[in-house]
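Naming: A, B, ... by sequence-line order, numbering from 1 per chain.
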There are 2 protein chains.
Amino acid sequence: MRHFRTTKTDRKRKTRTMNLYIKRIKDLHSKLDPAILTELEEAFVDKKFAKGSYLLRPEQICTAHLLIKEGIARKFYIHQDREITIEIYFPDDVAISLDSYIMQNPGDVFIEALTELEVTVIDYSRFYKMKNKYPEVMMLDKMFIEYYAVWFEQRLRAFQTLDASQRYLKLLEKEPQIVQFLPVTIVASYLNISLETLSRIRSKVS
Amino acid sequence: MRHFRTTKTDRKRKTRTMNLYIKRIKDLHSKLDPAILTELEEAFVDKKFAKGSYLLRPEQICTAHLLIKEGIARKFYIHQDREITIEIYFPDDVAISLDSYIMQNPGDVFIEALTELEVTVIDYSRFYKMKNKYPEVMMLDKMFIEYYAVWFEQRLRAFQTLDASQRYLKLLEKEPQIVQFLPVTIVASYLNISLETLSRIRSKVS
DNA sequence: GCAGAAATTTGACACAAGTCAAAAAAATAC
DNA sequence: GTATTTTTTTGACTTGTGTCAAATTTCTGC
């Protein structure tokens, strides 16, 4: 397997359209009562995953928020023997299979470590208890889901309104690290276009 | 303007894949403390809209959840002089421009009454206060957003994996009322295909 | 019921993007 | 450094879906 071009110094945050909202979440997070913050941090458990391993597989129930500390991961599903990448995670992003998590039903996605990966994990039931104990925590979780919903609505819109090369150019503008650090296979599956089409687009653009 | 084929007796709920989750929300809703329930109901204000009028327009800030009591509405945006329908609402559905609502920023969508419409509206700030006062209400709102997020993720997947006729057949199976009651123009813009393509698909299917 | 308007269907054609296959380039192992 | 494997590019061809235009059907108002 080839090594991706990525280093520790190289991790700018994803520049999504909703950075402001992310900022608001972080602000609220940092303004939590110190006691709650401590309790929250104690609830998190660090884990490491080898490159190529899976943090979640189909048929499993997603029981955790996975906060990426170091490395790159992605979530994908398989449709007709073809992988389609839903999300790509960099440090500070949260990986989750939302439908499996909220309904505690078996999901159908893979979450894969694309590099050596360090994550910090908060377990479903422990987080659930904290949410019920502290409305502020519930509020933060709600904001996370709101962000998630709006992000998906925007991504849907990209598929409805942009053709392959427009989607590529937008990706290059909004999430350049994805194009920069990941093999074309994965970029293509994230844009939902074929390898060959992506290759042709690239040769025209540059 | 033509009248849609719809009557008062004709309103089965949308059969989305997440009916179970909807049921859970309703269960929780009905199990709310009676005092809270009353306060919640008092916060709702009924409104009527004429067919063809807009409940929300671009540049406006979405300040309310709009619960449909009677009639049909839709949310759409305009891309290159072309309307793209995001969601279609039947009685019991909640119409909202989520990104505008959560960030209290001007949005870019229309919410349009497709028939004479009766809605019940809860204002942003009043709902906000109630959410902070009662964790149960916050929880319900959070579940609503979760439902919303998962629904959008599923809709995105339909666009990634299904071609035009497969999307049509899926719509026919999952949300037959949309095909049944709405003009082809709107069905096509909901499937994000051209009128002509939809027409050809229909002639092959039936 | 008839005339005009609106919605829907049908036809001809264009083009974006997929597929399959093969060549070229780049990365990895020895 | 060379050989092997993997990734990326290029070419030829096919197909789904859009566009424009015209014909047809269906509504609506009188």
Side-chain angles (χ1 to χ4, degrees), chain A residues 1-7 50-52 72 74 76 78-85 112 114-116 157-172 178-206, chain B residues 1-7 50-52 72 74 76 78-85 88 112 114-116 158-172 178-206:
Chain A
M1 195 192 280
R2 185 202 289 194
H3 294 304
F4 307 145
R5 291 151 282 156
T6 174
T7 66
K51 174 175 174 174
I72 309 176
R74 68 163 175 154
F76 70 94
I78 292 181
H79 176 79
Q80 292 177 179
D81 298 327
R82 187 181 159 143
E83 295 177 0
I84 298 178
T85 299
E112 179 191 11
L114 293 177
T115 62
E116 293 296 309
R157 222 188 251 215
F159 279 99
Q160 288 174 332
T161 59
L162 307 176
D163 65 19
S165 46
Q166 290 170 324
R167 290 207 296 280
Y168 175 73
L169 289 173
K170 187 179 174 181
L171 186 67
L172 212 53
I178 289 179
V179 181
Q180 232 174 347
F181 298 141
L182 302 181
V184 193
T185 330
I186 290 178
V187 177
S189 90
Y190 185 63
L191 293 168
N192 199 32
I193 59 183
S194 69
L195 269 184
E196 295 92 332
T197 297
L198 179 55
S199 174
R200 283 181 244 267
I201 289 169
R202 296 179 77 142
S203 68
K204 275 188 189 164
V205 168
S206 59
Chain B
M1 197 192 279
R2 185 202 289 195
H3 294 304
F4 306 145
R5 290 151 281 156
T6 174
T7 65
K51 174 174 173 173
I72 308 177
R74 68 163 175 153
F76 70 95
I78 292 182
H79 177 77
Q80 293 178 177
D81 298 327
R82 188 181 158 141
E83 295 177 0
I84 299 179
T85 299
I88 296 172
E112 180 191 11
L114 294 177
T115 62
E116 292 297 310
F159 279 100
Q160 289 174 330
T161 58
L162 306 177
D163 65 20
S165 45
Q166 289 170 324
R167 290 207 297 281
Y168 175 73
L169 289 173
K170 187 179 174 180
L171 186 67
L172 212 53
I178 289 180
V179 182
Q180 233 174 347
F181 297 142
L182 301 181
V184 191
T185 329
I186 291 177
V187 177
S189 90
Y190 185 64
L191 293 169
N192 198 32
I193 58 182
S194 69
L195 269 184
E196 296 91 333
T197 298
L198 178 56
S199 175
R200 283 181 245 267
I201 289 169
R202 295 178 78 142
S203 68
K204 274 187 189 165
V205 168
S206 58

Pairs: protein N or O with nucleotides 19-22 of chain D N or O, under 3.5 Å:
from	atom 1	to	atom 2	distance (Å)
D/dT19	O4	B/Arg200	NH2	3.1
D/dC20	N4	B/Glu196	OE2	3.2

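The NZ atom of B/Lys204 sits 8.5 Å away from atom CD1 of B/Ile201, with the distance rounded to the nearest 0.5 Å. With rounding to the nearest 0.5 Å, the separation of CZ in A/Phe76 from CD1 in A/Ile84 is 11.0 Å. Between the OG atom of A/Ser189 and the CZ atom of A/Arg74 there is a distance of 5.0 Å, given to the nearest 0.5 Å.
A/Lys51 places its NZ atom 12 Å from the C1' atom of C/dT28, with the value rounded to the nearest Å. As rounded to whole Å, 7 Å separates atom P of C/dA17 from atom CD1 of A/Ile201. The nearest whole Å value for the distance from the CD1 atom in B/Ile186 to the C1' atom in C/dA7 is 12 Å. Taking atom CZ of B/Phe159 as the reference point, atom C1' of D/dG16 lies 16 Å away to the nearest angstrom. The OH atom of B/Tyr168 sits 15 Å away from the P atom of D/dT17 (whole-angstrom rounding). Rounded to whole angstrom, the span from the CG atom of B/Leu195 across to the C1' atom of D/dT25 amounts to 15 Å. Residue B/Leu162 contributes atom CG, which lies 15 Å from atom P of D/dG16 at whole-angstrom precision. To the nearest angstrom, P of C/dG18 lies 11 Å from CD1 of A/Ile84.
At a threshold of 4.0 Å, the pair A/Glu112-A/Lys51 does not count as salt-bridged, since none of the basic side-chain nitrogens sits closer than that to a carboxylate oxygen.
Formation of a donor-acceptor pair under 3.5 Å by the A/Ser199 side chain with backbone atoms of A/Leu195 is not found in this model. Checked by atom type and distance alone, the side chain of A/Thr115 pairs as donor or acceptor with a backbone atom of A/Ile72 at under 3.5 Å.
Every residue was checked against the salt bridge (charged side-chain N to carboxylate O under 4.0 Å, His left out) condition with A/Arg167, not counting sequence neighbours, and none meets it.
Between D/dG16, C/dT8, C/dA17, one nucleotide has an atom nearer to the side chain of A/Asp163 than all others, and that is C/dA17.
Nearest approach of B/Val187 to B/Leu171, heavy atoms of both residues: CG1-CD2, 3.9 Å.
Overall, the helix from C/dG1-D/dC30 to C/dC30-D/dG1 carries an axis bend of 50° between its ends, with five pairs at each end and the value rounded to 10°.
Backbone-only engagement by B/Ile193 is indicated by non-hydrogen atom pairs under 4.0 Å involving sugar-phosphate atoms exclusively.
Between B/Thr161 and A/Arg82 there is no side-chain heavy-atom pair separated by less than 4.5 Å.
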